[in-house]
Amino acid sequence: MRFWQLASFGGFLLLLPLILGLNDYYIFLTTLILLYTVIVMAWYFIGGLAGQLDLGAGAYHGLGAVVTGYLMIYYNVSGWIGLVLGGLAAMGVAFIVGFPSFRFGLKEVWYALASLGLVLILQKIFLLWTDVAGPLERYIPFREFDPLYMRARAKWFYYYITLGLLLITFYLAHRAKRGKLGLYLVSIRDEEEAAEMLGIDTRRYKLVALLTYSFITAVTGGIYASMVGFYHPILFDGWIGIQTATIAIVGGLGHFWGPPLTSVILLSIAEYLRINLGGTIPGLHQVIFGAILITAILFKPAGIGPYLESLIEKVRKR
Amino acid sequence: MGGDERMELAIKNVSAGYGRIQVLWDVSLEVKQGKLTALVGPNGAGKSTLLKVITGFLKPYSGSIELDGINLTYLKPHMIKKLGISMVPEGRRLFPNLTVKENLTMGAYFLKEKHVINEQMEFIFSIFPVLKERLNQTAKSLSGGEAQMLAIARALISYPKILIIDEPSLGLSPKMVSLIFEKLMELKNRGTTLLIVDQYVDKVLSIADWAYVMENGKIVMSGEGLELLKTDMLKKFYLGIG
């Protein structure tokens, strides 16, 4: 039973571009939603498990986009290598920021503000750093279909890359949750001083969580840049981090499948509203989206994931 | 105090505090192997501050802490734990969302070999059989007494040289307090070295081999537990009798 459920779900994801009629626009939107869902899943490490309210996803996303795009444009380096190098660059920045933050016990709102600050700082740096980015878009050379260079006209190409990344992220998150790392991170999240008293090197594990999250988030940036065909400092977008944390909280903080599920649902609704209302009354789609978020938090403060879990439990008991 | 006993923990002339506010004034204290040492005193006497200094969460202005001659004074908390000082913090501080088993696994962080962990688990269950029954329950679902037993077990599982327990009776019913003290006696009889801070002065002194009385950040009295219990001053201040 469980096998068939998984198999049919996997089949659905694999065939989704066909179901969407190979319509590039719809596949593009779907891929975007999946990309942001990957970030939500990566946030599980730093936010869900380690309990740090990180709002800096935009910093790593932007960095991944710039590094991947820059290498593709100026050094003709394959995007695949760019993804890895972008991820490593993000890990480097995360380490520079995270090490002192955790060393000096920065947490809660102060950590949140610092992580958001990182996005703004990097955006300014790349706006001024005209050798690499600057105020103009940098366009990645067009290729009809070049999988080795990681560039294609058809959007389904990016859909499958994103799907692969999503699966890898899911796998890593699941392994962490089941293993020792998850145990240590949850103990740090719930009772940091007690964990330290038992000898857990709390800084080290928080860093592991931050570095994993920053790497994956940077990869989403690289995929995004190649998909839209350019990069620009505007990709250092504070909104990405806020959206990620909001979805994770509405989905159920620390819950495993609640946040990604919520991400797919909410972002689909958001896109739908934007397409249908964005043109008629500007801003109305955001108002409605905000109202949905507020309603969810108001009635299900523990989050959608835990709520659905209790529903499933009830149905099973009958 | 007997001269030939092996010294375990020695706190020598420690002065400490928070920034400019000094809490501990030249405190010296010893915990001997296999003995139960008690530390009593009114609220605000500096007991918890002293425990923070011992476990490395607060660095003293001056003085030293030694374990079997090794200077711990400037080591980080996880190193001190690794060297064999385990602490049960005030208010237990269990990991609420983790199961009993996972809480114990956290306590066994430094034990790498599986069979050692299993041996220690069995040892824990022989003292606290109730924990075996609750193995897969989350810590937040435990009663106060069970939670305190788990907190002690979590600190004990790493096979510490010294087990420090801050307020084991806090928030427990009198019946549960008696049970916890029975367990502490059992630990003592099994040879565990203990340092206990507690509000139930009469109870803790009656099982202590040696006790220190702290007031205003200074050690004002020390002696055998039962002897101290008889002194007028203690009766008057802490027991409200005599």
Side-chain angles (χ1 to χ4, degrees), chain A residues 44-45 47-52 99-100 102-105 107 173-209 248-249 252-259 301-303 305-306 309-310 313, chain B residues 48 51-52 54-58 72 75-112 114 117 120 138-140 147 150-160 162-166:
Chain A
Y44 177 71
F45 284 92
L49 288 175
Q52 308 298 311
F99 188 81
F102 299 143
R103 167 66 185 78
F104 296 108
K107 45 184 104 156
H174 191 259
R175 249 187 66 157
K177 178 192 166 218
R178 283 289 164 87
K180 285 267 164 82
L181 180 65
L183 200 60
Y184 299 153
L185 289 176
V186 167
S187 73
I188 292 168
R189 179 190 75 194
D190 289 348
E191 276 290 352
E192 183 162 356
E193 202 166 291
E196 212 166 329
M197 231 171 241
L198 295 174
I200 314 293
D201 192 342
T202 57
R203 280 183 232 156
R204 196 178 120 195
Y205 291 110
K206 278 198 260 185
L207 263 181
V208 169
I249 292 166
L253 205 52
H255 197 268
F256 183 70
W257 50 261
E309 205 158 278
S310 68
E313 197 73 11
Chain B
S48 291
L51 296 189
K52 273 188 192 165
I54 296 173
T55 48
F57 281 89
L58 184 68
L72 309 178
L75 295 183
K76 287 182 185 150
H78 69 269
M79 284 306 297
I80 293 175
K81 164 82 181 180
K82 200 170 185 177
L83 287 170
I85 297 185
S86 252
M87 163 125 151
V88 182
E90 184 179 347
R92 314 188 244 287
R93 301 292 201 96
L94 294 171
F95 305 116
N97 296 310
L98 300 185
T99 64
V100 168
K101 190 177 182 192
E102 286 169 332
N103 267 279
L104 291 174
T105 308
M106 289 295 298
Y109 178 67
F110 283 123
L111 304 179
K112 291 298 171 214
K114 202 140 203 170
I117 297 177
Q120 282 302 95
T138 54
K140 65 184 170 197
L150 177 56
I152 294 172
R154 188 181 65 179
L156 189 64
I157 198 168
S158 61
Y159 204 71
I162 295 181
L163 181 62
I164 300 174
I165 311 181
D166 196 1

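These numbers come from a predicted model, not from an experiment. So you know, we letter chains A, B, ... as the sequences are listed, proteins then strands, and number each from 1.
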*Asks:* Please identify each residue that fulfils side-chain contact (heavy atoms from CB on, under 4.5 Å) with A:Leu253, with sequence neighbours left out.
*Replies:*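 With sequence neighbours excluded, A:Leu253 shows a side-chain contact (heavy atoms from CB on, under 4.5 Å) to A:Trp43, A:Ile249, given in chain and number order.
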*Asks:* Give each N or O donor-acceptor pair spanning chain A and chain B at a distance under 3.5 Å, with atom names and distance to 0.1 Å, or state none.
*Replies:*
{"residue": "A:Asp190", "atom": "OD2", "partner": "B:Asn97", "partner atom": "ND2", "Å": "2.9"}
{"residue": "A:Glu191", "atom": "OE1", "partner": "B:Arg93", "partner atom": "NH1", "Å": "2.9"}
{"residue": "A:Tyr205", "atom": "OH", "partner": "B:Tyr109", "partner atom": "OH", "Å": "3.0"}

*Asks:* A:Phe256: what forms a ring-ring contact (aromatic ring centres under 6.0 Å, His included) with it, not counting sequence neighbours?
*Replies:*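 Applying ring-ring contact (aromatic ring centres under 6.0 Å, His included) to A:Phe256 gives A:Tyr44, A:Phe170, A:His174.
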*Asks:* In terms of heavy-atom proximity below 4.5 Å to chain A, should B:Ile80 be classed as side chain, backbone, both, or neither?
*Replies:*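 Interface part for B:Ile80: neither.
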*Asks:* Going by ring-ring contact (aromatic ring centres under 6.0 Å, His included), name the pairs with one or both residues in residues 84-106 of chain B, residues two or more places apart or in two chains.
*Replies:*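 Every candidate ring-ring contact (aromatic ring centres under 6.0 Å, His included) pair involving residues 84-106 of chain B fails, so no pair, neighbours aside, qualifies.
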